[in-house]
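Notes for the one structure printed next.
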Amino acid sequence: MNKMIRRSAASFFLASSALWGTMPVHKACATSAQDAQIQQLQREMQEMRREMSGQISALRQRLVRAEGRTTAGQQPVRHAMARPVGAPMSPAMANDIAIGGDTGPGMNGSVSGMLRSSDVGTPPSDRGIDSSWKSFRAATEKEEAVHFGGMMIGFPGGRPTISSEDGAYALQIGLAFHEDLGGFMGMSPRAGETKGLFPGMTENARRLRIPISFRYKNWIANITPDFGAGSADGAVTLYEANLNYAGIHHTVLTAGYFQPRVTEEDSESSNEFEMMERPAITDIVRNIAAGDARFSLGALHYAKRWWIAGYVTGQSYGNRSSAVVSDSQTGATFRVAGRPYVSRDVDLHVGLSAISAFKVNETANGRVYSPSEAPEVNLTTTKLLSATVGNAGTVWSAGPELGFRWKRLTLKGEYYHIGVQRKGTEATGNMPAANFEGYYGAANYTLFGKGRSYNIKEGAFSAPGVEHPFNPATGDWGALELSARYSVADLNSNLGGIGSVRGGQQTVWSAGVNWYPNRHFRFMLDFNHFIVTRNSQLYDLMGRTGNSVAGRIQAAF
């Protein structure tokens, strides 16, 4: 490096002489010599940049290894490593190549802040971004980035991002990849029963989403195609396509195809679920007037202690792709949540969710509400839990949320009641309303890694945090958690009375283990024991008791 500095100083001296020491009679020659000296200086500067980038890479490796061996309450273990070639960079040099972000002493910011490993933390979301311009700039400053030609390339939040120097323009591309593998056991039907589709071993591309976000200051457009297809892969659909404005403090206004946040479980990103699928009742509730790719117009606002959101909703994407639907649905969602008590070791969550379809889709069969659900594993297209309510008017649901975190232990549960008003006909007169219900309780414990924490922007609990990425050489294993859940969904109404609906009652006992080698990858293994009863006029005709074992490979960027 000293040799480089001496060479640069000599070049600068020669360039200065060329600029100021020439006689006017030799002006043309001096101009030519000046251009040559400037070009030489530029070449030397490029060479210096390359050499300094190599030093930064060496420092990055040293920092990651040191932080990987750090234990709670101890200083990082220092390793005897070869010193990088050349002298340490001065602040001016580091600022010139513009790598890093936090301002401070030495190398344009603290080493640990500037060279933070991108595989530490919680999984990125499965959705497009909706952060404010201010928040986006803060995130890019905390992550390492490379600057060139007025552009910046980095991974704020773990997602590949290209942006302008001030973050006003930005393009982000992400990934939510969920590949499921597993099957069912103990599903042999009794005499006269239909077996249904319950394979012993199968696979399914549950989600293959590619979130693409374009930003101009506080305006963000998101489009996310999905090459997965729920329970039967092979179809391509849309997860979201919306416009967001985030220029109001902690507020996001949204219009377009979107997933309105309703229920605590639905507010979480699918990359953070405790089990592979949501509880049956929350899936049924959200699909009344929300769910994936629902046309929505509304806003959310969040603070440290509370969260609120409301949306007016319409049809789902693809709903009008055929002439079957003659009149589209309209509805609305509302959710409010808060944390009445917060400390380092404790989070107490309470909330209320409500949703309504003011009118459901009208088809050749009229307005029919048909909730149905698989046994909380999407490896079958057979849904033992299924109800049909004809002449449906307003469909609504409401219920409370409750969650509690103590250190590494997280407990949560929700209850929802569903009401369906029926219009009736001249022949039948007014029909009694149909009433369904369901609930779940879940427990989660993080064995190693940072326990689940509270995400104030989602008003819900997040995934465990990876403090030390998987590296057997240093004894680091990422994060591991155990989960259990008890879930009930009852689609029976007024059995034995007028206007009875027999959709069945489903009970699912679940247990699972989730391993995060780093923030971008996860491996899940779930066991479900399910019991479905009273879902036919002939008792248990399609009722079934069975088991499923399924695993998931997840990648998130």
Side-chain angles (χ1 to χ4, degrees), residues 68 117-127 157-159 174-185 199-211 226-231 233 265 268-279 374-380 408-410 442-453 461-485 508-529 547-557:
S117 177
S118 63
D119 52 6
V120 172
T122 58
S125 175
D126 63 348
R127 307 156 180 162
R159 182 162 290 178
L175 173 68
F177 166 72
H178 298 173
E179 183 72 32
D180 295 352
L181 175 69
F184 297 86
M185 302 173 292
M201 180 61 69
T202 189
E203 58 283 327
N204 180 52
R206 180 65 175 89
R207 296 178 182 90
L208 294 176
R209 295 174 182 166
I210 304 177
D226 191 349
F227 297 89
S231 59
D233 59 19
E265 192 79 17
E268 296 180 10
S269 162
S270 63
N271 290 333
E272 300 180 315
F273 287 171
E274 293 178 323
M275 312 298 294
M276 288 171 59
E277 300 297 337
R278 301 177 183 87
E376 297 185 8
V377 58
N378 276 34
L379 292 174
T380 175
R408 295 170 177 266
L409 176 66
T410 303
N444 177 277
Y445 185 79
T446 304
L447 291 176
F448 53 81
K450 184 179 179 180
R452 286 180 174 261
S453 57
F461 292 96
S462 66
V466 175
E467 298 175 301
H468 305 292
F470 174 66
N471 185 355
T474 58
D476 297 318
W477 301 94
L480 183 73
E481 62 177 351
L482 303 178
S483 299
R485 187 170 71 201
V508 183
W509 297 84
S510 304
V513 57
N514 305 321
W515 177 49
Y516 305 75
N518 52 61
R519 71 180 302 192
H520 295 292
F521 295 91
R522 175 167 71 161
F523 298 90
M524 307 181 72
L525 181 64
D526 285 5
F527 170 80
N528 288 349
H529 174 69
N547 307 284
S548 66
V549 177
R552 171 173 294 170
I553 302 169
Q554 173 179 304
F557 289 90

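Since the model is a prediction, treat every value here as computed from it, not as a measurement.
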*Leu181 side chain near Leu379 side chain, heavy-atom distance below 4.5 Å*: no

*List for me each residue that meets side-chain hydrogen bond (donor to acceptor under 3.5 Å, both in side chains) alongside Ser483, sequence neighbours excluded, and say none if there are none.*
Asn444

*With Glu274, which residues qualify under side-chain hydrogen bond (donor to acceptor under 3.5 Å, both in side chains), at least two apart?*
none

_Atom pair CZ (Phe177) and CZ (Arg207), whose distance is rounded to the nearest 0.5 Å_ = 12.5 Å

*Compare all side-chain heavy atoms of Phe448 with those of Glu467 and state whether any distance is below 4.5 angstrom.*
no

_If you compare all heavy atoms of Arg159 against all heavy atoms of Pro124, which two are closest, and at what distance to 0.1 Å?_
NH2-CB, 4.4 Å

*Aromatic centroids of Phe521 and Phe557 separated by under 6.0 Å*: yes

*For a side-chain contact (heavy atoms from CB on, under 4.5 Å) with Asn528, tell me which candidate from Met276, Glu376, Arg485 qualifies.*
Glu376

_Quick check against the 3.5 Å criterion: does Trp515 have a side-chain atom that pairs as donor or acceptor with the backbone of Trp477?_
yes

*Write down the atom of Pro375, the atom of Thr380, and the distance for their closest heavy-atom approach.*
CD-CG2, 4.2 Å

*Show your reasoning for whether side-chain contact (heavy atoms from CB on, under 4.5 Å) applies to Val549 and Leu525.*
CA-CA 7 Å; Val549 177; Leu525 181 64; 4.2 Å; yes

*Taking all heavy atoms of Ser462 and all of Glu272, pick out the closest pair and write down the distance.*
CB-OE2, 3.5 Å

*Are the side chains of Pro211 and Arg127 in touch, meaning some heavy atoms are under 4.5 Å apart?*
no

*Between Arg408 and Tyr445, does any side-chain donor sit less than 3.5 Å from a side-chain acceptor?*
no

*Within-4.5 Å side-chain heavy-atom neighbours: Thr122 and Arg452*: no

*So do Phe184 and Pro199 actually touch side chain to side chain, heavy atoms under 4.5 Å?*
yes

*What distance separates Glu268 CD from Phe273 CZ, expressed to the nearest 0.5 Å?*
6.5 Å

*Which pair of heavy atoms, one from Pro464 and one from Pro123, lies closest together, and at what distance?*
O-CD, 4.3 Å

*Under the salt bridge (Lys or Arg N to Asp or Glu O under 4.0 Å) rule, collect the residues that match up with Asp526, sequence neighbours excluded.*
none

_Any residue meeting salt bridge (Lys or Arg N to Asp or Glu O under 4.0 Å) with Arg278, in chain and number order, not counting sequence neighbours_ = Asp266, Asp283

*asked:* Measuring only between side-chain heavy atoms, which start at C-beta, is Asn271 closer than 4.5 Å to Ser125?
replied: no

*What distance do Ile210 atom CD1 and Asp226 atom CG have between them, rounded to the nearest 0.5 Å?*
9.5 Å

*Using side-chain hydrogen bond (donor to acceptor under 3.5 Å, both in side chains) as the criterion, list what pairs up with Arg206, not counting sequence neighbours.*
Glu277

*How far apart are the closest heavy atoms of Met185 and Phe527, and which atoms are they?*
CE-CE1, 4.3 Å

_Heavy-atom side-chain proximity of Phe523 to Asn514 below 4.5 angstrom_ = no

_When you compare the side chain of Tyr516 with that of Glu481, does any pair of heavy atoms fall below 4.5 Å?_
yes

*Asp233 to Ala205 - nearest heavy-atom pair and separation*: OD2-N, 3.0 Å

*asked:* Quick check on side-chain contact (heavy atoms from CB on, under 4.5 Å): which of His178, Glu179, Met275 does Arg552 satisfy it with?
replied: His178

*asked:* Once side-chain hydrogen bond (donor to acceptor under 3.5 Å, both in side chains) is applied, do any residues pair with Asn204, and if so which ones, sequence neighbours excluded?
replied: none

